[in-house]
Amino acid sequence: MNRIATDPFLPPERLLLGPGPSPVAPEVLAALAHHTIGHLDPAFIRLMDELKGMMQAAFNTTNEATLAVAGPGSVGMDAAVLNLAEPGDKILIARNGVFGMRMSEVASRGGAVVVPVDFEWGKPVDPAVVDAALEANPGVKIVAFVHAETSTGVLSDAGAIAAVAEKHGALTIMDAVTSLGGVPVLVNEWGVDAVYSGTQKCLSCPPGLSPVSFSPRAIAHIKARKTKVLSWFLDVTQVMSYWGGEGARAYHHTAPINSLYGLHEALRRLMIEGLEYSFARHRQAHLHLVDGLAKMGIDFLVDEKYRLPQLNAVLIPAGVNDAAVRSSLLNDHNIEIGAGLGPLAGKVWRIGLMGEGARIQHVDRLLGSLKIVLASQTA
Ligand SMILES: *Cc1c(COP(=O)(O)O)cnc(C)c1O
């Protein structure tokens, strides 16, 4: 059997309006195609320094330990949880969707004792409930939560949750995979100790990197660990010897050079646009979608107050075939939207307006196609 592909792979041109990946700008794709250089080349070190500065700006932090972990958002989750939590440590995890559940799995595999605090899917994390759970469970060392739950389209009040953790002397871990670039992420102001994100949501970069940041308090905590970090690759104190700078860079692993070129260009574009302008653009696209869907009689799962502009969980109208609509949008209209997960499977569609996807013309194209597809369903 001939195992050689007859042709180079050419992907179809899709408009990505699902829960990620998001559309990638041509400038970012072009940056990815530059010549590969060595990971200790002085030119590459300069790129890493610039990247670090732009990641700090995006996170609104002065944390020295700010870097891009090689791997998607889930690897950032592993890095945050496995560096902060030692086996036997009590970690409170607020769960209001898929990604809180995943954090529990990461923590328990790492031997931590998980104190779960569950909320209905489609509702935000209630800081008062977290407060009460911390009262009831003395000795919790870490509080972890998801800022923007991509499985439900809900934004939680990160500042209030971090303040509750601080009151009880616990460190905080925040998942900002979907929030970064789409809504404000104020790591220093909120006092978050470990935060991780991903490139393929509102940063509009291909998947494969996870920007992370650790506070000085978190780094001191990691240095004082009694046991080694479970993962050699993700041990942040060691990775920092490569990202740290000031001439002391040592080989740790071979950085994904070209992916970092892409992130550099994506962050540069975000900085040139300005964070506030990016947030406003996400909000405008979201409101345009709300308007258009309302005219079609389609409603949202989440209360207006907690809705994420970049991830819209909309209720599938009665009698409509969920899978057939998504498949027709993809195959006949080249538009990808997401399915509901867990208890929301078959109940909602997840429409992502992330990064480059958050533009009025994309919303209009989706609304037009959705009308055609829904009409053909009821015909
Ligand atoms: C997408 C996502 C992740 C996981 O990121 P991957 O890049 O898919 O590994 C984690 N948390 C949230 C909130 C996400 O939206």
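Just follow the structure's listing: the first ligand is 1, and inside any ligand the first atom is 1.
- Defined by atom type and a distance below 3.5 Å, a donor-acceptor pair is missing between the side-chain atoms of His221 and Asp193.
- Of the candidates Gly208, Ser74, Gly352, it is Ser74 that places a heavy atom closest to atom 9 (O) of ligand 1.
- Inclusion of Gln200 in the set of residues having an N or O under 3.5 Å from an N or O of ligand 1 is warranted.
- A donor-acceptor pair shorter than 3.5 Å can be found between the side chains of Arg102 and Ser74.
- Note: Trp232 and His252 have parallel aromatic rings, judged against thresholds of 30 and 60 degrees for the angle between ring planes.
- Residue, atom and distance of the protein heavy atom nearest to atom 10 (C) of ligand 1 are Phe99 CD2, 3.2 Å.
- Salt-bridge formation is not detected for the pair Glu265/Arg269: no Lys NZ or Arg NE/NH1/NH2 atom is positioned less than 4.0 Å from an Asp or Glu carboxylate oxygen.
- Asn96 and Thr152 share no donor-acceptor pair across their side chains, judged by distance under 3.5 Å alone.
- At the top of the distance list for atom 2 (C) of ligand 1, counting protein heavy atoms only, stands Lys201 NZ, 2.6 Å.
- Among protein heavy atoms, atom 15 (O) of ligand 1 sits closest to Thr150 OG1, 2.3 Å.
- Close contacts of ligand 1 with Ala148, meaning ligand atoms under 4.0 Å from a residue heavy atom, involve 13 (C).
- Set against the non-hydrogen atoms of Gly73, the atoms of ligand 1 under 4.0 Å away are 5 (O), 6 (P), 7 (O), 9 (O).
- Taking the ring centre of Phe300 as origin, the terminal cationic atom of Arg307 falls inside the region bounded by 6.0 Å and 45° from the ring axis.
- Of all protein heavy atoms, the one lying nearest to atom 11 (N) of ligand 1 is Asp175 OD2, 2.6 Å.
- Applying the 4.0 Å criterion to heavy atoms of Pro72 picks out, from ligand 1, the atoms 6 (P), 7 (O), 9 (O).
- Hydrophobic clustering of Ile, Leu, Val, Met, Phe, Trp and Tyr side chains at less than 4.5 Å, counting indirect connections, keeps Leu267 apart from Val28.
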